[in-house]
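Heavy atoms only: backbone and side chains are in, while hydrogens, waters and symmetry mates are out. Because the structure is predicted, anything quoted here is derived from the model rather than measured. We're numbering straight along the sequence, starting at 1.
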Amino acid sequence: MRDYDLVVFGGVGIDTIVRVPVLPLPMADSIHVPAVRDFVAHTGNGVALGSHALGRATHLVDFVGDDPQAALIHARYRERGLGFTYVIHPSGTRRSVNLVDPSGRRLSLYDGRHPDTLRMERALYLPLLERTRHAHFSIMPWARELYDDAQALGVTVSTDLHDWDGRNPYYDDFALRSDVVFMSTAAMGSRYEDIMRAILDKGRAQVVVATMGSEGSCYMTRAQQMLVYQPCAGLGRDIIDSNGAGDAFSSAFLAGYADQLPVAQCMRMGAIAGEYACGFEGTAEAFLTRAAMEELMLAAATPAARSVVVE
């Protein structure tokens, strides 16, 4: 029985947020900053909590440590009511130190700490794949091993390539074996359109979505290989912290996509969720409920998407 709408595989950790006066930082022996805080975070966590807040039956599975950071994660999921299957690994729980400037921009110093040879036992992950309608694979080395089983079961898969440059071969399996691909244009420069088209041409994706920070986002589908731009949502909220905005975008997009809404409407949902997340300090601290999303979809002054036809 497929009783989960979404199972997220991998991607939980702790973000230590340091608010800094400017990025990049000047060379100095010390810089005084406001209170440094820890948040339950990382990409899979954000997608799972965002999906859960939207009322979707969601579960998360990952490796964590037996440490104070894992204790924060367990407490957060008990508080939110998110199901969590985990394996304890002696390397500990992943961490990041994120430097955030007054405009909300961030620089993340990522401590993945788990060995690349780490693998999740099939007896643990397979029953979860069998119970879900859709799976989201974080770009962990062990998650790439799950594609064969997902496709044999007919489970669609999404992934987020984050700041991939379009060249690093580590990302190829995720880019070419997922049905829905999210990515950031941050490291791609002007090549993002060619990279999106290559993913569609070489892989199995039905839609590729690229987030572009303050410039909005864009998408391309297999059915209509035309680049379509989606402006920011225009919620009129102050931007406090961009940590987790992309994960909020992905969770809202996937909720609409699961409901078979038009991709343009899924993009609006993503834009609203991503911008809403930027109004809070920390990572994955606040998400829209389905009722709040519907209200903002009606009220938000989101400009219409703009298509660009490339000959």
Side-chain angles (χ1 to χ4, degrees), residues 3-19 33-100 106 108-114 118 120 124-125 127-128 131-132 135-138 140 142-143 160 240-248 250-252 254-255 273 276-290 292:
D3 50 344
Y4 289 129
D5 296 313
L6 174 68
V7 174
V8 178
F9 291 85
V12 63
I14 298 296
D15 276 357
T16 298
I17 304 295
V18 184
R19 304 197 72 84
V33 297
V36 175
R37 298 179 60 193
D38 290 337
F39 296 90
V40 177
H42 294 194
T43 181
N45 168 79
V47 173
L49 285 175
S51 174
H52 179 69
L54 287 167
R56 305 182 70 214
T58 306
H59 196 86
L60 174 63
V61 57
D62 202 0
F63 293 91
V64 295
D66 182 11
D67 49 30
Q69 290 73 37
L72 292 174
I73 292 167
H74 296 312
R76 169 55 56 89
Y77 294 163
R78 286 194 298 269
E79 172 201 350
R80 298 290 175 92
L82 177 68
F84 182 41
T85 297
Y86 62 94
V87 178
I88 294 175
H89 192 269
S91 62
T93 302
R94 301 181 199 91
R95 303 192 67 175
S96 293
V97 175
N98 292 352
L99 310 181
V100 182
R106 64 118 187 225
S108 181
L109 309 175
Y110 178 62
D111 170 13
R113 74 176 50 213
H114 297 165
L118 184 62
M120 183 164 286
L124 181 67
Y125 75 74
L128 292 169
R131 292 176 60 186
T132 192
H136 184 82
F137 290 175
S138 300
M140 309 298 164
W142 59 266
D160 191 334
I240 297 173
D241 192 335
S242 62
N243 283 295
D247 305 325
S250 298
S251 65
L254 289 173
Y276 181 83
C278 291
F280 299 89
E281 183 180 2
T283 309
E285 288 299 291
F287 294 95
L288 291 168
T289 63
R290 182 169 291 275

TODO: Give the ring-plane orientation class for Phe137 versus Phe9, where under 30° counts as parallel, over 60° as perpendicular and anything between as tilted.
DONE: perpendicular
Task: Parallel, tilted or perpendicular: ring planes of His74 versus Phe84, cut at 30 and 60 degrees - done: tilted
- [ ] Please step through side-chain contact (heavy atoms from CB on, under 4.5 Å) for the pair His89 and Leu118, ending with a clear verdict.
- [x] CA-CA 9 Å; His89 192 269; Leu118 184 62; 3.3 Å; yes
TODO: Over all heavy atoms of both residues, which pair between Gly244 and Ala277 is shortest? Give the atoms and the distance, please.
DONE: O-CB, 4.4 Å
- [ ] Over all heavy atoms of both residues, which pair between Leu288 and Ala273 is shortest? Give the atoms and the distance, please.
- [x] CD1-CA, 4.1 Å
- [ ] State, with a plain yes or no, whether a side-chain heavy atom of Leu49 is found less than 4.5 Å away from one of Arg80.
- [x] yes
TODO: Apply the test side-chain contact (heavy atoms from CB on, under 4.5 Å) to residues Asp62 and Tyr86: give CA-CA distance (whole Å), side-chain angles for both, the deciding distance (0.1 Å), then the verdict.
DONE: CA-CA 5 Å; Asp62 202 0; Tyr86 62 94; 5.8 Å; no
Open item on the list: Could you walk me through whether Ile73 and Ile14 satisfy the side-chain contact (heavy atoms from CB on, under 4.5 Å) test, starting with their C-alpha distance in whole Å, then the side-chain angles of each, then the deciding distance to 0.1 Å, before giving a yes or no?
Closed with: CA-CA 8 Å; Ile73 292 167; Ile14 298 296; 4.1 Å; yes
- [ ] Side-chain contact test, heavy atoms from C-beta onward, threshold under 4.5 Å: evaluate it for Thr58 versus Tyr4 and give yes or no.
- [x] no
TODO: Taking all heavy atoms of Arg113 and all of Ser91, pick out the closest pair and write down the distance.
DONE: CD-O, 3.0 Å
Open item on the list: Given 3.5 Å as the limit, does a donor-acceptor pair link the side chain of Asp5 with the main chain of Ala57, or not?
Closed with: yes
TODO: Check whether any side-chain heavy atom of Phe63 sits under 4.5 Å from a side-chain heavy atom of Thr93, and report yes or no.
DONE: no
Open item on the list: Less than 4.5 Å apart, side chain to side chain, heavy atoms only: is that true for Val97 and Val18?
Closed with: yes
TODO: Measure the CG-CZ distance between Leu54 and Phe287 for me, rounded to the nearest 0.5 Å.
DONE: 9.5 Å
Task: Under-4.0 Å salt bridge between Asp111 and Arg95 - done: no
TODO: Compute the centroid of each ring, for Tyr110 and then for His42, and state whether the two points are separated by less than 6.0 Å.
DONE: yes
Task: Straight-line distance of Cys278 SG to Asp241 CG, nearest 0.5 Å - done: 7.5 Å
Task: CE-CH2 distance between Met120 and Trp142, expressed to the nearest 0.5 angstrom - done: 4.0 Å
Open item on the list: What I'd like to find out is whether the side chain of Val40 reaches to under 4.5 Å of the side chain of Asn45, using heavy atoms alone.
Closed with: yes
Task: Any Arg290 side-chain heavy atom under 4.5 Å of Arg56 side chain - done: yes
Task: Heavy-atom pair with the smallest gap, counting every atom of Arg106 and Ser242 - done: CG-OG, 3.8 Å
TODO: For the pair Arg37 and Glu285, find out whether any cationic side-chain nitrogen is under 4.0 Å from an anionic carboxylate oxygen.
DONE: no
Task: Residue of the set Val33, Leu99, Val100, Val36 for which side-chain contact (heavy atoms from CB on, under 4.5 Å) holds with Arg19 - done: Val100
Open item on the list: Between Ser51 (side chain only) and Ala48 (backbone N and O only), is there a donor and an acceptor less than 3.5 Å apart?
Closed with: no
Task: From CA spacing to verdict: side chain to side chain donor-acceptor pair (under 3.5 Å), Thr132, His59 - done: CA-CA 9 Å; Thr132 192; His59 196 86; over 6 Å; no
Task: Heavy-atom pair with the smallest gap, counting every atom of Ser96 and Asp15 - done: CB-OD1, 3.2 Å
Task: Heavy-atom check, side chain of Phe39 versus side chain of Ile17, under 4.5 Å - done: yes
Task: Closest heavy-atom pair and its distance - Asn98, Ser108 - done: OD1-OG, 2.7 Å
Open item on the list: Do Asp160 and Thr43 pair up side chain to side chain, a donor and an acceptor below 3.5 Å, judged on atom types alone?
Closed with: no
Task: Pairwise side-chain contact, Leu124 with Val87, heavy-atom cut-off 4.5 Å (strictly under) - done: yes
